[in-house]
Amino acid sequence: ARVRILPLLIGRVRLDFSASVFGGTVSGVVPIGGGDLEVALENLDLGQIAPLKDTVSVPLQGIANGKLELSAANGKWSKATGGFNLNVTGMIMGDGKEKFRGLATLPPANVGAFEMIAKADAGVLKIEKLGSTGGDLELVGEGTIKLKEPWDSSATDLWLRFGFSEEYKHKDERTEALFVDDGPFPALISQDRKMKRAKRTDGMWGFHIHGKLARLRYDPT
């Protein structure tokens, strides 16, 4: 990391940084006291990001690339404008060894290409596109993030729904036991109270992700 010399002459601080992390790199420019923020994510390996596994309960694979650009002339990120985009290629959920929600091992599910696009205006980052389709798992989301200082106080309000394809549910005995009701024997997934409450009439599961970034809540809906 290094501080740019020329902006210091007019009383501004600009910090360039670069880090090798999660098998890829994170780099950019961080302004102090107002200016343009740029953060680029290049070839990050999702399998090396432990909190993701903790969230979904099984390993995730895929390579992520993205960019965050925000501008706050007065240094107030609560009034920032800009955008964020993220795409993940080769995204796979599960490895056939770890148990999904602690119930049964989950064979690898092809999520396909995942994409997120968001635009910020007046400090509100609105998600215009979030999800993936065409694989074993369909994922769709929408919502907003109200930017605040410090960053981890930003208020999140996201609605997410996901579901597995019929072909995947009948892939083998494990997936059928997890997701398919068999006469008087309900699917194992119904033993998870949170997942049971999240089951929608269209067969998908829905969650409301909300609260401060530092302490998100995942409520079935």
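We use all heavy atoms of the structure for the numbers below, so side chains are in, but hydrogens, waters and symmetry mates are not. Keep in mind the model is a prediction, meaning the values are calculated, not measured.
- Using a 4.0 Å cut-off between a side-chain N of Lys or Arg and a carboxylate O of Asp or Glu, E115 and K129 qualify as a salt bridge.
- When each of H208, K146, H210 is tested with D157 by the rule side chain to side chain donor-acceptor pair (under 3.5 Å), just one qualifies, namely H208.
- Heavy atoms of other residues, nucleotides or ligands lying less than 6.0 angstrom from NZ of K199 number more than 12.
- The two residues A64 and L46 make their nearest non-hydrogen contact at CB-CD2, 4.1 Å.
- Taking CD of E98 as the start and OG of S57 as the end, the distance is 9.0 Å to the nearest 0.5 Å.
- A donor-acceptor distance shorter than 3.5 angstrom exists from the side chain of T55 to the backbone of P51, with no hydrogens or angles considered.
- Closest heavy-atom contact between I92 and P108: CG2-CB, 3.8 Å.
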For this session: Begin from the C-alpha positions of V29 and R4 and carry the test side-chain contact (heavy atoms from CB on, under 4.5 Å) through to its verdict.
Result: CA-CA 10 Å; V29 181; R4 294 185 181 183; 3.4 Å; yes
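- Side chains of L41 and N65 form no contact here, defined as non-hydrogen atoms less than 4.5 Å apart.
- Y218 and K194 get closest at one heavy-atom pair: O-NZ, 3.3 Å.
- In this structure, D152 contributes its side chain and L213 its backbone to no donor-acceptor pair below 3.5 Å.
- A distance of 10.0 Å separates CZ of F164 from CE of M204, quoted to the nearest 0.5 Å.
- A donor-acceptor distance shorter than 3.5 angstrom exists from the side chain of S154 to the backbone of K148, with no hydrogens or angles considered.
- In the hydrophobic clustering of ILVMFWY residues, with side-chain heavy atoms under 4.5 Å counting as a link, V111 and I209 come out together.
- Under a cut-off of 6.0 angstrom, the local environment of NZ in K169 is crowded, with over 12 non-hydrogen atoms contributed by other residues, nucleotides or ligands.
- With rounding to the nearest 0.5 Å, the separation of CZ in F114 from CG in L130 is 4.5 Å.
- M116 and V88 fall within the same hydrophobic cluster, where Ile, Leu, Val, Met, Phe, Trp and Tyr residues are linked whenever their side-chain heavy atoms come under 4.5 Å apart, directly or through other members.
- Under the 3.5 Å distance criterion, the side-chain polar atoms of D121 are left unmatched by any main-chain donor or acceptor of V124.
- Here the side chain of Q61 pairs no donor or acceptor atom with the backbone of G90 at under 3.5 angstrom.
- Closest non-hydrogen pair, L147 versus A80, comes out as CD1-CB, 4.4 Å.
- Under a 3.5 Å cut-off, the side chain of Y168 and the backbone N or O of P107 do form a donor-acceptor pair.
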For this session: Assess whether salt bridge (Lys or Arg N to Asp or Glu O under 4.0 Å) is satisfied between K97 and D95, documenting all intermediate values.
Result: CA-CA 5 Å; K97 300 177 182 178; D95 59 1; 5.9 Å; no
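- Applying the 6.0 Å contact sphere to NZ of K79 captures no more than 12 heavy atoms from other residues, nucleotides or ligands.
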For this session: Verify side-chain contact (heavy atoms from CB on, under 4.5 Å) between D136 and E167, making sure each step is shown before the conclusion.
Result: CA-CA 8 Å; D136 297 322; E167 292 79 5; 5.8 Å; no
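- Across every non-hydrogen atom of A187 and D181, the tightest pair is N-OD1, 2.7 Å.
- W159 and W205 are assigned to two separate hydrophobic clusters, defined by single-linkage of ILVMFWY side chains at heavy-atom distances under 4.5 Å.
- F100 has its side chain within reach of I189: a pair of non-hydrogen atoms, C-beta onward, lies under 4.5 Å apart.
- A salt bridge links R217 with D219: the closest approach of a Lys/Arg side-chain nitrogen to an acidic carboxylate oxygen falls below 4.0 angstrom.
- Minimum interatomic distance between L137 and M93 (heavy atoms only, all atoms of both residues): CD2-SD, 3.8 Å.
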Side-chain donor-acceptor pairs under 3.5 Å in residues 31-39, sequence neighbours left out?
{"residue": "D36", "atom": "OD1", "partner": "S71", "partner atom": "OG", "Å": "2.8"}

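- Side-chain N or O atoms of S190 include none that pairs as donor or acceptor with a backbone N or O of P186 at under 3.5 Å.
- Under the 4.5 Å side-chain criterion, counting only non-hydrogen atoms from C-beta, H170 is in contact with V180.
- Side-chain contact between L160 and L158 is absent, with no heavy-atom pair separated by less than 4.5 Å.
- E138 places no side-chain N or O within donor-acceptor distance of the main-chain N or O of S165, the cut-off being under 3.5 Å.
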Problem set entry | Derivation and outcome, side-chain contact (heavy atoms from CB on, under 4.5 Å), residues V26 and F17 | CA-CA 8 Å; V26 179; F17 74 94; 3.9 Å; yes
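- Remark: K67 NZ to E42 CD distance equals 9.5 Å, nearest 0.5 Å.
- Rounding to the nearest 0.5 angstrom, the gap separating the CD1 atom in I117 from the CD atom in E128 is 7.0 Å.
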Problem set entry | Test log, rule side-chain contact (heavy atoms from CB on, under 4.5 Å), inputs I49 and L60 | CA-CA 9 Å; I49 306 178; L60 283 177; over 6 Å; no
